[in-house]
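Each residue takes its place number in the sequence, starting with 1.
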Amino acid sequence: MSEDLKSRIALVFRAEVAETGFNHVSVVHLMKKSGIRRQTFYDNFQDKYDLLGYTI
């Protein structure tokens, strides 16, 4: 995955965490908001905790 796509997912993730809180963010929701497939997410991140580490 390109860094641009990772950055886009991270932006969506940060916005969702700010709006609903970390515990309410799901990978499915991130997929829909980012316009990516499940496999694309999991090809690059193990889970939302891995994405959290990427965003920090």
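With a 4.5 Å cut-off on side-chain heavy atoms, L52 and F13 count as touching. Contact check for M31 versus R37: no side-chain heavy atoms found under the 4.5 Å cut-off. Inter-residue side-chain proximity for L30 and I36 is flagged as unmet; no heavy-atom pair is nearer than 4.5 Å. Looking only at side-chain heavy atoms (C-beta outward), N44 and Y54 stay at 4.5 Å or farther from each other.
Taking F22 as the reference, Y49 meet the ring-ring contact (aromatic ring centres under 6.0 Å, His included) condition, with sequence neighbours excluded.
Closest heavy-atom contact between K48 and V27: N-CG2, 4.5 Å. The two residues H24 and T20 come nearest to each other via the heavy atoms CD2-O, 3.1 Å.
Atom OG of S34 sits about 13.5 Å away from atom NZ of K6, to the nearest 0.5 Å. Taken from OG in S26 to NZ in K33, the straight-line distance is 11.0 Å, to the nearest 0.5 Å. From D50, atom CG reaches atom OG1 of T55 across 10.0 Å, with rounding to the nearest 0.5 Å.
Distance alone, capped at 3.5 Å, places no donor-acceptor pair between the R38 side chain and the V28 backbone.
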Are F41 and L51 close enough, and set up right, to give a side chain to side chain contact (heavy atoms under 4.5 Å, CB included), and what steps lead you there?
CA-CA 9 Å; F41 180 88; L51 176 54; 3.9 Å; yes

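Linking ILVMFWY side-chain heavy atoms closer than 4.5 Å, directly or via other members, places L11 and F45 in two distinct hydrophobic clusters.
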